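As structure tokens, the structure follows; a few thoughts come after it.
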Amino acid sequence: MKEPQKGAENSKTAADALDQLRVVLVRTQHPGNIGATARAMKTMGLSDLVLAAPQRPPDERSVAMASGATDVLEGLRQFGSLAEAVADCHRVVGVSARRRGISLDVHDARASAQQWSSDAPDAGRTALVFGAERTGLTNEELALCQSAVQIAANPEYSSLNLSQAVQILGYESRMAALGGVAGSHRPRPADHATMEGVYQHLEAMLVDVGFLDPNYPRHLMRRLRRLFARAEPDKVEANILRGMFSAVQKARRP
Ligand code: SAH
């Protein structure tokens, strides 16, 4: 898959994660939905589209709905059954509007996307399996899945259009993939000893300026530690903090 974007390194790695995802449409009724799915996929950087036993083959309605995503449409593959469509996938996730009667773990889209985006690069493919428009996934189809995803929707009207369900799963996958990449490029947080030095210096400085009464410290240092821990400063930031504390201490002294 090509990702014609700047920020080359980040998007390449996210693209690798998205390349591991396959969208499987089972027994789809409306050819227009196949095209709309291709479009939804392409906007999110997905390209592996597979049809399992479609009720009608893709036609000019699919092309119309695909808009500029005809490459995804042209690249799709068809199989006679769901089992064949997912045979080479290491994880098979059923995307279902219904929770009732499903004997699998049901996750929300965001949590699931985070799970598969954190897979090792060589972990293999994940299939996202979407059911037919009228009936959704049957129990036999769900039995081929290891887990299920439900999109949190209005409980009184929870059935999305098929391609819109693909769009949401695609978006969550993309965000998770980009987040994973951003996360791994973040500078390493300063080590424990460095941060202990920061906290001791902070405490000494706060005593110097009269903000912290050593005889009545209450929970101030514990709270400040929690605040700094949340920010996960790196080594350079830890040094900046120490420099600031020294400057405050120096300004206090005559
Ligand atoms: N009436 C069917 C809905 C089919 S909609 C049913 O009750 O299951 C077609 C497909 O879109 C579904 O099989 C599912 O893959 C997806 N979909 C639609 N709404 C969804 C939701 N709220 N959560 C998860 N998947 C959904």
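Indexing begins at 1, ligand by ligand and atom by atom, following the structure's order. It should be emphasised that the depicted structure is a prediction, and the values quoted were computed from it without experimental measurement. Every heavy atom of this structure was used, including side-chain atoms; hydrogens, water molecules and symmetry mates were not.
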Is it the case that more than 12 heavy atoms not belonging to M65 sit under 6.0 Å from its CE atom? no
Of all the heavy atoms in G94, does at least one lie under 4.0 Å from an atom in ligand 1? no
Which residue supplies the protein heavy atom nearest to atom 23 (N) of ligand 1, what is that atom called, and how far is it? I151 N, 2.9 Å
Heteroatom distance test (N161, ligand 1): nitrogen or oxygen, under 3.5 angstrom: no
In short, side chain to side chain donor-acceptor pair (under 3.5 Å) pairs touching residues 203-218 with sequence neighbours left out are D208-Q249
Can a non-hydrogen atom of R134 be found less than 4.0 Å from any atom of ligand 1? yes
Return the closest protein heavy atom for atom 4 (C) of ligand 1 as residue, atom name and distance. E133 O, 3.1 Å
So which protein heavy atom does atom 16 (C) of ligand 1 come closest to, and at what separation? A165 CB, 3.5 Å
Quick look: Q164 vs ligand 1, heavy-atom contacts under 4.0 Å, and the answer is neither
If we count only N and O atoms by modelled type, under 3.5 Å, do the side chains of Q167 and T43 hold a donor and an acceptor together? yes
What about V95: any of its N or O atoms under 3.5 Å from an N or O on ligand 1? yes
Between S159, A132, A153, S158, flag the one that comes closest to atom 22 (N) of ligand 1 by a heavy atom. S158
Ligand 1 to R98, heavy atom cutoff 4.0 Å, flagged ligand atoms 6 (C), 7 (O), 8 (O)
Side-chain donor or acceptor of R61 paired with backbone N/O of I34 under 3.5 Å: no
State, yes or no, whether a side-chain contact exists between V166 and M41 at a heavy-atom distance under 4.5 Å. yes
Whether R125 side chain and D19 backbone form a donor-acceptor pair below 3.5 Å: yes
Considering only protein heavy atoms, which is closest to atom 12 (C) of ligand 1, and at what distance to one decimal place? G131 N, 3.9 Å
Among protein heavy atoms, which lies nearest atom 20 (C) of ligand 1, and at what distance? A97 CB, 3.5 Å
Throw together a table of side-chain donor-acceptor distances under 3.5 angstrom for residues 70-77, partners on residues two or more places apart or in other chains.
{"from": "D71", "atom 1": "OD1", "to": "K42", "atom 2": "NZ", "distance (Å)": "3.2"}
{"from": "D71", "atom 1": "OD2", "to": "K42", "atom 2": "NZ", "distance (Å)": "3.1"}
{"from": "R77", "atom 1": "NH2", "to": "D48", "atom 2": "OD1", "distance (Å)": "3.1"}

Hey, is ligand 1 close enough to V129 that some N/O pair sits below 3.5 Å? no
What I'd like to find out is whether the side chain of E133 reaches to under 4.5 Å of the side chain of N33, using heavy atoms alone. yes
If you scan protein heavy atoms around atom 19 (N) of ligand 1, the nearest is L160 N, 2.9 Å
For the residue pair Q150 and D108, establish whether any side-chain heavy-atom pair is separated by less than 4.5 Å. no
